[in-house]
Amino acid sequence: MAAAYDIQAVEKKWQDYWVERGTYQVDNDDPRPKFYCLCMYPYPSGPAHQGHVRNYTFGDLIVRHRTMHGYGVLTPMGFDSFGLPAENAALKTGVHPRSFTDERIAELKASILRLGSQYDWRREVRSHDPEYIKWSQRIFLRLLDAGLAYRKKAPVNWCPGCQTVLANEQVLADGTCERSGDVVVKRDLEQWFLKITAYAEELLADLDQLDWPERVKTMQRNWIGRSEGAEFDLEVQGRPDVKLRVFTTRPDTTFGMTYAVVAPEHPLVDELTTPDRRDEVRAFVDRVTLETEVERQTTEGSLEKRGVFTGSSVVNPFNSQPVPVYLADYVLMGYGTGAIMAVPGEDQRDWDFAKTHGLPIIRTVEPPDDWEGEAYTGDGPAINSEWLNGLDKERAIRKAIEWLEEKGIGVRTVNYRLRDWLVSRQRFWGCPIPVVYCPDHGVVPVPEDQLPVLAPDDVEFRPTGESPLRFHEGFLNTTCPIDGEPALRETDTMDTFVDSSWYFLRFTDAWNEDMPFSKEAASKWMPVDQYIGGIEHAILHLMYARFFTKALADLDIAPKELREPFSRLFTQGMIRLGGTKMSKSKGNLITPQQFFDTVGADALRLHHLFMGPPADDVDWTDAGIKGTSNFMQRLWRLADAESDAVPIAAESVEVEVNRAAHRLIARVSDEYERWSYNTAVAACMEFTNYLYKQGKTEFAVDSLLLLMAPMTPHITAELWERRHPGEHIHEQRWPEADVTMAAEETVVMIIQVNGKLRDRLNVKPSIDEAEMEKLALESPKVREVLDGSNPKRVIAKPPRLVNLVV
RNA sequence: GCCCGGGUGGCGGAAGGGAAGACGCGAUGGCCUCAAAAGCCAUUGUCCUUCGGGGCGUGUGGGUUCGAAUCCCACCCCGGGCACCA
């Protein structure tokens, strides 16, 4: 009688073994070729949910698979442990965010351990660890020193719910906060920014070299939003001292300008407004600037283009005609120059505005004859444009820019949609921005030997809308590092995306006490060879991390040649329950815990792999897990050294069984490379069914276990040890298929008549076209269908298919 | 509105222009058992069938091809991203 499969004992045994043995710990002088596999470090929100399980299952599978291929795999893990939920909890319960966070880390870590995914925990980082804070702050100061961090008063996105400002990236398209869902309002505040725009061009260009999902790259390209065009000055009639600069991507259409528009926030608004228009303009500006983004956006639509005439006119430099200047809220101060020339003939927004305000429309590009639309933005010969007439769009643009540059009126420019990254947050539970404000010296960085600047513990959490740091006298009052006179500390903390923008570098050198990481360590492991995480980070985290990597390389902190942090990216699909995303906030979590206790981690992991293609969203159902759980039991009975549930293969079929095993190795190896894990699992199940029928061989069972080792590490380790005492499956080499053994002895040839399947025959793989045709014509089933007629044409694709066309 | 994905049995899904539905769940039947559970074996797209087999079938309509779930065009539906960026 064979031993039963004691899931809990087996999984515990190997989880302890891997840690004690340090199977998945790597040192920086590891002689094996390097492979850096990283799962996005999690925000600690309590016990793992299915999204974590899915993520870490893929990651662990890659770690173990690569290890079996002889790589020294760096597999670190940590916690993105600063963030709002801990602080919100503190407001409600009074529990300090640190203890709240530490508790949740412990819970999450415990479930990660039970999943059996392996990390080099010696390298663990936590964003809220004073060591980590110290290096985040040093990096901030280096950015400040290099002019990449700066302060600026700016209209910022203020979330009344979160009581903090948000980055543009954190405001949803409908003008609400991505976290709380509150309507975001604009406020003018002094804020810290990081100059990500300095890297706009490189961030865009380097996307081409990344092995990332196309849609993530597309999202980033759209976000950066590069557009080429020209900037030029418009003279204001009767005001030789004032010039209005506009940006356009279509300088070829300038002859069609029938008015100009400036944003309500434009600095020249007062200059441009004539006394008789003052009251109306002021009323319009007040209305627009006090509105929320949402209100401002609800005015979108063809007939509602809102604006007001300033009373001034500017001169079209191409034809010297004066045109009126309007204020309109469809022109944004934050993009280009905050002013445009309006060409209604070739821009739908301008068209709508012109119609609403009774302004003339002149087409300067000939639309196609069958054109029935309004503004025409396509290509065509220029018309009504004097010296540009007849030229196509591209040539006209070039000529128009040349003309502007010759005359010294304007220049070719490139604009980006990307804005600088607003990083200051009026929150407590984040990394303090390490500067002080001195009455005499202004903004003074805290000297590096005084880092980290840590938030005090004895603060009171009150829903005041301001950071509790503001009211802590001991923290707030300090002295100026330059003159020793009284000064005030910065009380804002950094966006938590700052922490996650360099953690992957800290992992390479987590013990370093002198600097965030050494260039040697970063050179050894970077870039990350495989990064795995959710699609929701397609823009924010992945863009910031790319920016940091480039900036740190330029600041001589990271290796100079390190321009990109993540060579390959895989974004897993979301887990849904009944059509909606499974998440804590939606309250529809199915925790993995119950499955650890019943079917075990291996069956749960396998279920995640089997559910569907890794990149696809999946609907969670409890039912399916029975299949992988059964399979584990079936595998145990097949492979346990003492089990006789499956007989040894008869001598007559032994070779064929081994040949099938070689085919399995070839197939599954390929499927691992292609991330086709659901079919890899299917192949293993199919092969198991086959062995139940045909009988097993040593080679077949060993191969099966090796191929499954990265997917179901515990059961395969146990079975391997029982079959090969003293050996560890995860220290074995990945099996290789023998090509001649894997080749099929006979294949099925299908015979079609007019593309319809009529017969199938077993043939040798070496069969030639003539032989195929002969066999096809001899088939009784084919003869019946042909009914005496001769095929007009024969298509033979040896050895699998022949098609007779009649 | 624009840009990406995607629509295949009762369900999750497979099929790299050449056998549609691998594998799994569910369901049905059998073996084992005093019985049940577990296990093992078989059947399972749909309609017709004289049980040999035959017709139909991958969102809809067209097309390319000897051959289309797969490629092309148009449309419908679902999911995601962007959205006054001049």
Side-chain angles (χ1 to χ4, degrees), chain A residues 173-174 213-223 225-227 229 246-250 253 261 263 296-297 299-301 304-305 328-332 334-343 346-350 352-353 415-419 535-536 538-539 573-574 576 579 581 606-607 610-613 615-628 630-631 633-634 637 645-646 670 674 676 678-689 692-693 748-760 781 791-797 800-806:
Chain A
D174 64 355
E214 267 316 310
R215 68 174 169 146
V216 174
K217 293 206 266 187
T218 304
M219 280 155 88
Q220 294 217 346
R221 282 189 194 106
N222 291 340
W223 192 261
R226 182 183 199 275
S227 59
V246 294
F247 171 73
T248 180
T249 56
R250 295 293 305 275
T253 64
V261 185
R296 200 160 158 177
Q297 280 180 16
T299 58
E300 178 187 2
E304 295 181 81
K305 286 283 174 216
D329 64 350
Y330 78 94
V331 170
L332 309 172
Y335 186 78
T337 60
I340 62 159
M341 64 162 188
V343 187
E346 281 82 34
D347 185 295
Q348 189 61 41
R349 295 157 301 183
D350 296 345
D352 294 338
F353 190 88
N415 251 297
Y416 299 92
R417 213 190 72 115
L418 184 72
R419 309 289 157 79
I535 185 76
E536 65 273 19
I539 297 175
M574 276 187 325
R576 293 176 311 218
K581 182 185 169 165
L606 203 61
H607 180 55
F610 190 52
M611 268 195 289
D616 288 7
D617 287 352
V618 288
D619 273 304
W620 178 267
T621 50
D622 287 353
I625 205 164
K626 191 163 179 285
T628 53
N630 283 346
F631 179 45
Q633 299 289 344
R634 237 166 118 74
R637 289 192 298 274
V646 178
D670 177 54
R674 290 167 35 217
S676 186
N678 54 330
T679 57
V681 175
C684 291
M685 288 174 165
E686 211 174 340
F687 188 67
T688 302
N689 294 344
Y692 266 72
K693 282 201 192 75
V748 177
M749 177 181 97
I750 65 169
I751 305 170
Q752 298 178 332
V753 177
N754 287 338
K756 264 188 192 286
L757 174 71
R758 292 301 173 185
D759 201 2
R760 53 191 84 175
K781 286 176 188 162
K792 260 195 290 197
R793 204 176 145 191
V794 178
I795 290 117
K797 296 273 169 171
R800 292 206 182 265
L801 179 132
V802 59
N803 188 14
L804 309 176
V805 187
V806 293

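To find a chain, count down the sequence lines: A is the first, B the second, and so on, and within it residues start at 1.
- Counting non-hydrogen atoms under 4.0 angstrom, Arg758(A) reaches the backbone sugars and phosphates but no base.
- Glycosidic conformation of G52(B): syn, with the torsion inside 90° of 0.
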Show the numbers, then the answer: is there a side-chain contact (heavy atoms from CB on, under 4.5 Å) between Arg634(A) and Asn689(A)?
CA-CA 9 Å; Arg634(A) 237 166 118 74; Asn689(A) 294 344; 2.9 Å; yes
Could you walk me through whether Arg793(A) and Asn803(A) pass the side chain to side chain donor-acceptor pair (under 3.5 Å) test, one step at a time?
CA-CA 8 Å; Arg793(A) 204 176 145 191; Asn803(A) 188 14; over 6 Å; no
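- Summarising the geometry of Asp350(A) relative to Ala342(A), their closest heavy-atom pair is OD2-CA, 3.3 Å, with the distance given to 0.1 Å.
- Contacts of Asp670(A) with the nucleic acid, taken as non-hydrogen atoms under 4.0 Å apart, include base atoms.
- Within 4.0 Å (heavy atoms only), Arg674(A) reaches at least one base atom of the nucleic acid.
- If you check every strand for non-hydrogen atoms under 4.0 Å, Asn415(A) touches nothing.
- Of the side-chain N and O atoms in Arg637(A), one or more sit less than 4.0 angstrom from OP1 or OP2 of C40(B).
- Counting non-hydrogen atoms under 4.0 angstrom, Thr628(A) reaches nothing in the nucleic acid.
- A pairwise comparison of heavy atoms in Ile750(A) and Leu757(A) identifies CB-CD1, 3.8 Å as the closest pair.
- For the pair Arg417(A) and Tyr335(A), the cation-pi test (distance below 6.0 Å, angle within 45°) is failed.
- Using modelled atom types and a 3.5 Å distance limit, the side chains of Tyr330(A) and Asp352(A) yield no donor-acceptor pair.
- Side-chain contact between Thr688(A) and Phe631(A) is present, with at least one heavy-atom pair separated by less than 4.5 Å.
- Residue Phe631(A) is classed as having no contact, given no heavy-atom separation below 4.0 Å to the nucleic acid.
- In this structure, a donor-acceptor pair under 3.5 Å is absent between the side chains of Arg226(A) and Asn415(A).
- Between Cys684(A) and Phe610(A), every side-chain heavy-atom pair lies at or beyond the 4.5 Å cut-off.
- Residue Thr621(A) is the one, among Thr621(A) and Leu801(A), whose nearest nucleotide of RNA chain B lies closer to the 5' end (criterion: closest heavy atom).
- In this structure, the side chains of Ile795(A) and Val805(A) come closer than 4.5 Å at one or more pairs of heavy atoms.
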Atom pairs under 3.5 Å: protein N/O with N/O of nucleotides 26-29 of chain B:
none

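- Whole-Å rounding puts the Ile795(A) CD1 to G17(B) C1' distance at 13 Å.
- Considering only side-chain atoms of Asn689(A), the nucleotide from G24(B), C66(B), A86(B) that sits closest is G24(B).
- The listed nucleotides are A86(B), G13(B), C66(B); the one nearest the side chain of Asn678(A) is G13(B).
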I'd like to compare against my own output: the B/S/- annotation of nucleotides 48-53 of chain B with a strict under-4.0 Å heavy-atom distance to protein.
------
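- Counting any heavy atom pair closer than 4.0 Å across all strands shown, Lys217(A) reaches no nucleic acid atom.
- Among the protein residues, Val748(A) comes within range of the nucleic acid bases, having at least one heavy atom under 4.0 Å from a base atom.
- At the heavy-atom level, Lys792(A) lies nowhere under 4.0 Å from the strands shown.
- Taking syn as a glycosidic angle within 90° of 0, G10(B) does not qualify and is anti.
- Proximity of Asp759(A) to Gln752(A): side-chain heavy atoms (C-beta onward) are nowhere separated by under 4.5 Å.
- Between Val806(A) and Lys792(A) the shortest side-chain heavy-atom distance does not fall below 4.5 Å.
- Using atom P as the reference point in both G1(B) and C56(B), the two lie 39 Å apart (nearest Å).
- Atom-to-atom, CD of Glu214(A) to C1' of C4(B) comes out at 10 Å; the value is rounded to the nearest Å.
- Residues Leu606(A) and Val681(A) have side chains in contact (heavy-atom distance under 4.5 Å, counting atoms from C-beta outward).
- Within 3.5 Å, no donor on the side chain of Arg215(A) pairs with an acceptor on the base of G80(B), nor the reverse.
- Nucleotides of RNA chain B nearest to Asn803(A) and Gly612(A) differ in position, and the one nearer the 5' end is that of Gly612(A).
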Taking Watson-Crick (N1-N3 plus N6-O4 or O6-N4) and G-U wobble (N1-O2, O6-N3), each under 3.5 Å, can you produce the dot-bracket string of RNA chain B? Use [ ] for crossing pairs and | for inter-strand ones.
(((((((..(((.....[....)))((((((.......))))))((((....))))..(((((..]....))))))))))))....
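- Side-chain proximity of Arg793(A) to A15(B), G24(B), C66(B): nearest is C66(B).
- The listed nucleotides are C41(B), G12(B), A15(B); the one nearest the side chain of Phe610(A) is G12(B).
- For the OP1/OP2 pair of A83(B) and a distance below 4.0 Å, the side-chain nitrogens and oxygens of Arg417(A) include at least one atom meeting the criterion.
- Between Arg634(A) and C40(B) there is a side-chain polar atom (N or O) within less than 4.0 angstrom of OP1 or OP2.
- His607(A) has its side chain within reach of Trp620(A): a pair of non-hydrogen atoms, C-beta onward, lies under 4.5 Å apart.
- Checked by distance alone, Gln752(A) brings a side-chain donor or acceptor within 3.5 Å of a matching partner on the base of G18(B).
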